[in-house]
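First the proteins, then the strands, lettered A, B, ... as listed; each starts at 1. Remember, it's a predicted structure, so these values are computed and weren't measured experimentally.
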Protein chains: 2
Amino acid sequence: MNPTIKDVAKRANVSIATVSRVLNNLGGYSDKTKQKVNEVIRELGYQPNAIARGLINKRTHTIGVLFPNVSSAFSSDILQGVEDYAHGRNYSIVVCNTDDDGKRTLKYLQLLREKQVDGIIFSSSVLKEEYYEAIQAMNVPVVLVSSESNYATVPYVKVDDCLAACDAVEYLIGKGHRKIAMISGGKEDVLAGSPRVDGYLRALQKHQIPFDSRYLVYGDFRFESGCIQFEALLQTVPDVTAVFAASDEMAIGVLSAAYKLGIRIPDDISVIGFDGVQLSNMVVPPLTTVSQPLQEMGKIAAETLIRSIETGETAEGIIVSHSIVERQTVRTLT
Amino acid sequence: MNPTIKDVAKRANVSIATVSRVLNNLGGYSDKTKQKVNEVIRELGYQPNAIARGLINKRTHTIGVLFPNVSSAFSSDILQGVEDYAHGRNYSIVVCNTDDDGKRTLKYLQLLREKQVDGIIFSSSVLKEEYYEAIQAMNVPVVLVSSESNYATVPYVKVDDCLAACDAVEYLIGKGHRKIAMISGGKEDVLAGSPRVDGYLRALQKHQIPFDSRYLVYGDFRFESGCIQFEALLQTVPDVTAVFAASDEMAIGVLSAAYKLGIRIPDDISVIGFDGVQLSNMVVPPLTTVSQPLQEMGKIAAETLIRSIETGETAEGIIVSHSIVERQTVRTLT
DNA sequence: CTGAAAGCGCTTACAG
DNA sequence: CTGAAAGCGCTTACAG
């Protein structure tokens, strides 16, 4: 077995209390003792047991992070930001893939509670009441990323989806487009669905472009739905000149479908995405998009959460700023 | 504070030993006692403390997973496979992003040791001797994914890189190509670098195509290097008709660079990638590639590791099979 | 400067 | 069928 603090104490001829003190730099021992103890620690290759420590301190230095889909480009980017910051602060991350499923989420929350995580980051999903209650029962802070909730006390890190969508559409309008379609995410999605539709509507209104419901279709943020909805759009409103997709993945679906159909982007139709995942820069043609600083958001979430854990203060919601990344899928209409 | 086993015991008028028994379904109590205890557990919303449990059982039901780059499409896919299987078996995953950096990796290994993880999955990186020693010292099983090592005892899950590369190149040859370039990964990379180059060489040799070193260039598996190396290739060997990239990301870089240069894929030049990440199906044109079953590999790794943890047996290495996914970036030369 | 002892929340022989 | 007690590997008053 691995050596314990007892082994170190015995070998160094001191008490375990003393070993613990030098381990934690608490002071209250002679230099000689310290030397001796450290020497033995090295000899034995001793490492403190964080589990035992956690039992006493009631701190595990572990954070649970829940994603609807860890392997999506979107989640990956956030995860990287979270992980990197947390690691710098000596916290570990346990990842949970909820599949956006209620039962699964609840099971994870229970698991995280049993494992005594110090806090929770909840990403890209609606914080249902039952989740909220479960987290309340755990008695640990939570922060939402790319999400928001009605429970006033839950801090979040997100962009202003309505404004960002409005900017995207105004960008298109600025380039001379009027026949602008939108491929939204889920119709019922109050997070990234309806707010972005509102932004679309607001932009049209601002520029006196009448809204025609045939130009608004619904996907589910994923690639395939982008392909499908774009084709549908082409049937119903063939005169469309630009498409605003509520996610990069769907925008990439549009690119893919267009390629298959022999439609040239941006020559025939312009496309703007939403998210700014790393991928958006790799596709052909490079995608113009409204970028969220995903990695940064992950970092801020981790930062906020850890502060909350360590000070006990509850944090505020934070709106981070989006930006339009101009690449090559939007053409100026003349 | 959250209720403990003591609170339950007191309220149910039994000893904590009894509560523990019903908690763990150990038998040795009357039905009436069981009812009562379960009732109190529900009333109090009691959840056992996995930390306390772990201290005794010396099992944390936690697995550490190390990736050089969590947010890459490649790692994401593996992670998803690992997470999903592990969750089904009631294990949690703590993710570590090593940046392929020695110090960082070692620090993580130490952290995982302190946190008493039950096992380790080490992905897509060379298991350096110092890592191996650190893991040995932890006294837990490890399995490598998309990696391999000289230490005979370390199980792995991977494809046969040499064979897969050979198949890719033979596929190109079968389509009539002779002027086949390869963009390899790192020159020094013994995992996914040299074995794939060997496969390339073997395929040429099998078909009596003389090897010309100008057709072999080196990237680093990432997107940008694909762009750069493709442009370089065009300078030195403009007569090239097909490119084999040792990763999908680099292949996508080729697509991107080709688009910029006005070169049509596959009309002017054919491209085949390696990995089969989800992304390869989203790009334009859809990428033909040698696919590794990444998610499946993650699953197998988790399965192997957990078996090893629970039985104490050391596992064997496993070669999984690759397959060529034909899409639209390779054209038949006539 | 140092150690004995209590305790964190559990599990597990042991005894009855 | 049930409970008292020891113990997992630590930390932290408390006493000296």
Side-chain angles (χ1 to χ4, degrees), chain A residues 1-38 40-41 44-62 110-111 113-118 138-140, chain B residues 1-38 40-41 44-62 110-118 138-139:
Chain A
M1 271 329 329
N2 282 331
T4 73
I5 198 173
K6 259 190 207 160
D7 301 315
V8 176
K10 200 176 302 171
R11 185 98 103 109
N13 277 314
V14 296
S15 71
I16 59 167
T18 295
V19 176
S20 174
R21 282 184 198 107
V22 347
L23 235 31
N24 296 295
N25 267 307
L26 289 179
Y29 39 76
S30 70
D31 239 38
K32 216 177 102 206
T33 311
K34 178 175 169 181
Q35 307 272 279
K36 180 66 187 162
V37 170
N38 279 325
V40 173
I41 286 176
L44 261 39
Y46 169 74
Q47 301 262 169
N49 179 328
I51 296 298
R53 225 172 220 180
L55 189 54
I56 298 185
N57 296 336
K58 285 149 180 355
R59 278 288 153 78
T60 52
H61 267 251
T62 303
Q110 190 195 108
L111 198 87
R113 176 172 173 190
E114 290 183 9
K115 297 230 165 147
Q116 316 289 126
V117 297
D118 296 338
M138 298 173 69
N139 228 320
V140 299
Chain B
M1 270 330 325
N2 284 330
T4 72
I5 197 172
K6 260 190 204 158
D7 301 315
V8 177
K10 201 175 301 170
R11 187 97 103 108
N13 277 316
V14 296
S15 72
I16 58 167
T18 296
V19 177
S20 175
R21 283 185 197 106
V22 346
L23 235 32
N24 296 295
N25 266 308
L26 289 179
Y29 39 76
S30 70
D31 239 38
K32 215 179 100 205
T33 309
K34 179 174 166 180
Q35 307 272 279
K36 179 67 187 160
V37 170
N38 278 325
V40 173
I41 287 176
L44 260 40
Y46 169 75
Q47 301 263 167
N49 180 328
I51 297 297
R53 223 170 221 182
L55 188 55
I56 297 184
N57 296 336
K58 283 150 182 353
R59 277 287 154 78
T60 52
H61 268 250
T62 303
Q110 192 196 106
L111 199 85
L112 293 175
R113 177 171 173 191
E114 290 184 10
K115 298 231 164 146
Q116 315 291 124
V117 297
D118 296 337
M138 297 173 68
N139 230 322

Are the side chains of [Y] and [X] in contact, using a 4.5 Å heavy-atom criterion?
X      : Y      : answer
A/V14  : A/R21  : no
B/Q47  : A/M138 : no
A/I41  : A/L23  : yes
B/Q116 : A/N49  : yes
B/L44  : B/R11  : yes

Exercise. Please figure out whether B/Y29 or B/A52 has its closest DNA chain D nucleotide nearer the 5' end.
Key: B/Y29
Exercise. Determine which nucleotide pairs with C/dC14, using a 3.5 Å limit on both distances of a Watson-Crick or G-U wobble pair.
Key: D/dG3
Grab the [atom1]-[atom2] distance between [X] and [N] for me, whole Å please.
X      : N      : atom1 : atom2 : value
B/R59  : C/dT12 : CZ    : P     : 12 Å
B/N24  : C/dG9  : CG    : C1'   : 13 Å
B/N25  : C/dT12 : CG    : P     : 13 Å
A/R21  : C/dG3  : CZ    : C1'   : 7 Å
B/K58  : D/dC8  : NZ    : P     : 7 Å
A/I56  : D/dG7  : CD1   : C1'   : 14 Å
B/K115 : D/dG9  : NZ    : C1'   : 17 Å
B/D7   : C/dC8  : CG    : P     : 11 Å

Determine: side-chain N/O of [X] to OP1/OP2 of [N], distance under 4.0 Å, yes or no.
X     : N      : result
A/R53 : D/dT11 : yes
B/T18 : D/dG3  : yes
A/T4  : D/dG9  : no
A/T33 : C/dT2  : yes
A/K6  : D/dC8  : yes
A/S20 : D/dT11 : yes

Quiz item: How would you label the contact of A/Q47 with the nucleic acid (heavy atoms, under 4.0 Å): base, sugar-phosphate, or nothing?
Solution: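 Touches sugar-phosphate only.
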Practice problem: Report which part of the nucleic acid B/I16 touches: base, sugar-phosphate, or nothing (heavy-atom distance under 4.0 Å, all strands). | Solution: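 Answer is base: heavy atoms of B/I16 come under 4.0 Å of a base.
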Measure from the side-chain heavy atoms of [X] and tell me the nearest of [options].
X     : options               : answer
A/S30 : C/dG3, C/dC10, C/dT2  : C/dT2
A/A17 : C/dT2, D/dG9, C/dA4   : C/dA4
A/N49 : C/dC8, D/dC10, C/dT11 : D/dC10
A/S15 : C/dG3, D/dT11, C/dT2  : C/dG3

Quiz item: So, for B/I51 and A/L55, which heavy atoms are closest and what is the spacing to 0.1 Å?
Solution: CG2-N, 3.8 Å
